Protein chains: 2
Amino acid sequence: MAEPLRLFIDRTETPIGELVIVADREGRLRAIDWTDYEARMRQLLRLHYGEGGFELVPERNPGGLTTTMSTYFAGDLGIIASMPVETGGTPFQRTVWAALRDIPCGTTVSYSELARRIGRPAAVRAVGLANGANPVGIVVPCHRVVGANGSLTGYGGGIERKRWLLAHEGHAASQSLLPFAR
Amino acid sequence: MAEPLRLFIDRTETPIGELVIVADREGRLRAIDWTDYEARMRQLLRLHYGEGGFELVPERNPGGLTTTMSTYFAGDLGIIASMPVETGGTPFQRTVWAALRDIPCGTTVSYSELARRIGRPAAVRAVGLANGANPVGIVVPCHRVVGANGSLTGYGGGIERKRWLLAHEGHAASQSLLPFAR
DNA sequence: AGCGCTCTCGCGGTTTTCGGACATGACCAT
DNA sequence: ATGGTCATGTCCGAAAACCGCGAGAGCGCT
């Protein structure tokens with residue numbers, strides 16, 4: 001009944017692949033992902049806003065977000081911390097995502113530590129799940145969460161990109177971090 | 001996200017109980033039910049428009065619909081046929097409800113006949129279900145559907161009311177119609 | 001011992017799947 | 001007549017599967 005949410009979609013190249021960016025009328029980031037995972041991103045949007053609950057309109061640099069992302073990749077790391085974001089998700093997921101934004105750039109946290117921080121020390125796997133369901137990767141830095149033993153464990157965009165992002169953010173040990181525990 | 005749909009709610013007395021009436025800004029009927037089943041009506045609204053997808057604002061005689069209903073109960077039977085109606089529902093349900101409005105006042109149809117009319121002769125039970133899910137009873141005359149053997153079978157507001165409505169509409173045999181097959 | 005690896009199992013939120021209930025009625029076998 | 005079977009759409013609740021984890025046990029090597 002209520003006309004669908006009007007969202008704007010744009011794309012931009014980065015050193016590790018093309019990004020798809022989705023913003024709303026107010027210039028808040030609603031979704032972002034790598035072009036090669038665009039299908040998954042659209043699926044997530046459908047899940048959050050319903051089948052016909054939104055429409056994607058191509059537009060250049062909506063809300064200036066495309067520029068912001070380029071700036072981040074160019075080396076201005078702090079800029080994403082203040083980027084406006086709006087998401088759906090369950091209460092639990094939103095709690096996890098909020099906690100993600102509190103992880104300082106250049107550092108990492110383990111899944112269990114993150115679970116502890118939101119007051120649900122036992123919900124470790126659930127935190128992993130919520131991490132994977134994050135619609136606004138990079139900006140809400142799910143890549144800063146690693147295994148308890150320092151292994152990179154997983155990343156929706158591919159482990160290689162996770163490693164690159166951490167290195168880009170100057171994480172001291174990121175060069176030696178292996179995909180799996182050695 | 002999108003602010004909730006603003007709906008107006010009113011009540012009116014009838015010979016067979018109090019009605020709750022819900023209209024939209026454009027004066028179209030969105031829902032109607034007997035006060036003693038108001039909980040079910042609200043449930044249906046939640047189902048169609050989502051948990052926080054609408055709000056009910058008390059208002060006297062919204063869109064003049066309350067007057068229209070009184071007029072119907074006073075004896076002007078034809079007036080409901082032209083009453084504006086807007087509903088959610090699945091494609092199948094909407095098809096069934098549309099077919100209901102084509103049943104002339106003062107006549108009845110069996111569930112199977114109705115199923116045949118919408119081109120789904122086998123979906124007899126499904127038609128019954130869709131009938132029960134009708135959010136705008138009386139106006140979309142689900143009470144004009146009876147069992148193949150003439151029994152009244154069922155009605156969301158109670159069999160007695162179904163019988164009364166049919167009698168009110170001058171259905172010839174309604175006086176002798178029994179709740180269940182004899 | 002001490003290290004490091006593998007395997008197993010429990011953890012918990014979300015999604016998916018499945019079965020049942022229902023405002024019927026045609027058909028077939030007792 | 002009576003009674004069981006089955007088709008059909010949709011919602012709901014229960015149960016199970018799914019995982020971007022991690023602690024602990026068992027085992028083979030220095």
Side-chain angles (χ1 to χ4, degrees), chain A residues 37 40 43-44 46-48 88-97 100 108-116 118-134 137 141-159 161-162 179-182, chain B residues 37 40 43-44 46-48 88-97 100 108-116 118-134 137 142-159 161-163 179-182:
Chain A
Y37 292 100
R40 178 183 59 190
Q43 164 108 21
L44 220 48
R46 273 195 300 277
L47 181 62
H48 286 338
T90 66
F92 178 84
Q93 289 171 334
R94 299 169 70 95
T95 305
V96 172
W97 298 337
L100 287 177
T108 59
V109 179
S110 72
Y111 291 92
S112 54
E113 167 60 20
L114 194 56
R116 208 169 309 133
I118 64 171
R120 307 288 215 83
V124 182
R125 292 193 77 166
V127 163
L129 257 255
N131 232 8
N134 171 21
C142 51
H143 57 276
R144 292 180 195 154
V145 186
V146 299
N149 59 5
S151 62
L152 293 191
T153 63
Y155 182 63
I159 298 281
R161 288 190 174 125
K162 185 169 183 174
F180 305 101
R182 194 171 24 87
Chain B
Y37 292 99
R40 178 183 59 191
Q43 164 111 17
L44 220 48
R46 274 195 298 277
L47 182 62
H48 286 338
T90 68
F92 178 83
Q93 288 171 334
R94 299 168 71 95
T95 305
V96 172
W97 299 336
L100 287 177
T108 58
V109 181
S110 72
Y111 291 92
S112 54
E113 167 60 19
L114 195 57
R116 210 171 308 135
I118 64 171
R120 306 287 216 84
V124 183
R125 291 193 76 166
V127 164
L129 248 272
N131 232 8
N134 172 22
C142 50
H143 57 277
R144 293 181 194 153
V145 187
V146 299
N149 59 5
S151 60
L152 293 191
T153 62
Y155 181 64
I159 298 282
R161 287 191 175 125
K162 185 169 183 173
R163 191 200 316 283
F180 304 101
R182 192 175 23 89

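Since the model is a prediction, treat every value here as computed from it, not as a measurement. By convention in this document, chain letters (A, B, ...) are assigned in the order of the sequence lines, proteins followed by strands, and residues within each chain are numbered from 1.
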Please state how far atom [atom1] in [X] lies from atom [atom2] in [N], giving the value in whole angstrom units.
{"X": "B:Arg46", "N": "D:dC11", "atom1": "CZ", "atom2": "C1'", "value": "14 Å"}
{"X": "A:Arg40", "N": "D:dG20", "atom1": "CZ", "atom2": "C1'", "value": "11 Å"}
{"X": "A:Leu114", "N": "C:dG13", "atom1": "CG", "atom2": "P", "value": "14 Å"}
{"X": "B:Phe92", "N": "D:dT10", "atom1": "CZ", "atom2": "P", "value": "7 Å"}
{"X": "B:Asn149", "N": "C:dA23", "atom1": "CG", "atom2": "P", "value": "16 Å"}
{"X": "B:Gln93", "N": "D:dT8", "atom1": "CD", "atom2": "C1'", "value": "13 Å"}
{"X": "A:Ile118", "N": "C:dG13", "atom1": "CD1", "atom2": "C1'", "value": "10 Å"}
{"X": "B:Trp97", "N": "D:dT10", "atom1": "CH2", "atom2": "C1'", "value": "11 Å"}

Using the side-chain heavy atoms of [X], tell me which of these nucleotides is nearest: [options].
{"X": "B:Ala148", "options": "C:dG12, D:dG22, C:dG25", "value": "C:dG25"}
{"X": "A:Arg120", "options": "C:dG13, C:dA23, C:dC11", "value": "C:dG13"}
{"X": "B:Asn131", "options": "C:dT24, C:dA23, C:dG12", "value": "C:dA23"}

Which part of the nucleic acid does B:Gly147 contact within heavy-atom distance under 4.0 Å: base, sugar-phosphate only, or nothing?
sugar-phosphate
Can you tell me how far [atom2] of [Y] sits from [atom1] of [X], rounded to the nearest 0.5 angstrom?
{"X": "A:Asn131", "Y": "A:Tyr111", "atom1": "CG", "atom2": "OH", "result": "5.5 Å"}
{"X": "A:Ile118", "Y": "A:Glu113", "atom1": "CD1", "atom2": "CD", "result": "11.0 Å"}
{"X": "A:Leu129", "Y": "A:Gln93", "atom1": "CG", "atom2": "CD", "result": "8.5 Å"}

What pair of heavy atoms forms the shortest contact from [X] to [Y], and how long is it?
{"X": "B:Trp97", "Y": "B:Ala133", "answer": "CZ2-O, 3.4 Å"}
{"X": "A:Lys162", "Y": "A:Val145", "answer": "NZ-O, 2.7 Å"}
{"X": "B:Asn134", "Y": "B:Cys142", "answer": "ND2-SG, 3.5 Å"}
{"X": "A:Ala130", "Y": "A:Phe92", "answer": "CB-CE2, 4.1 Å"}

Residue met sooner reading DNA chain C from 5', once B:Arg116 and B:Gly132 are mapped to nucleotides
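Nearest-nucleotide comparison on DNA chain C picks B:Gly132.
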Kindly write out the residues that satisfy salt bridge (charged side-chain N to carboxylate O under 4.0 Å, His left out) with [X], not counting sequence neighbours, or none if the list is empty.
{"X": "A:Arg161", "value": "A:Asp36"}
{"X": "B:Arg120", "value": "none"}
{"X": "A:Arg46", "value": "none"}

Quick one: does A:Tyr111 reach the base of D:dG20 with a side-chain donor-acceptor pair under 3.5 Å?
yes
Per-residue pairing states of DNA chain D in dot-bracket (Watson-Crick or G-U under 3.5 Å; . unpaired, | other strand) read |||||||.|||||||||||.||||||||||
Say you pick atom P in D:dG20 and the same atom in C:dT16; how far apart are they, in whole Å?
14 Å
Under 4.0 Å between a side-chain N or O of B:Ser112 and OP1 or OP2 of C:dT24?
no
Close N/O contacts between protein and nucleotides 12-19 of chain D (under 3.5 Å):
| from | atom 1 | to | atom 2 | distance (Å) |
| --- | --- | --- | --- | --- |
| D:dC12 | OP1 | B:Gln43 | NE2 | 3.3 |
| D:dC19 | N1 | A:Arg125 | NH2 | 3.4 |

Let me see the working for A:Val109 and A:Leu100 under side chain to side chain contact (heavy atoms under 4.5 Å, CB included), right down to the final yes or no.
CA-CA 9 Å; A:Val109 179; A:Leu100 287 177; over 6 Å; no
Per-nucleotide protein contact string for nucleotides 25-30 of chain D (B base, S sugar-phosphate only, - none; heavy atom under 4.0 Å):
------
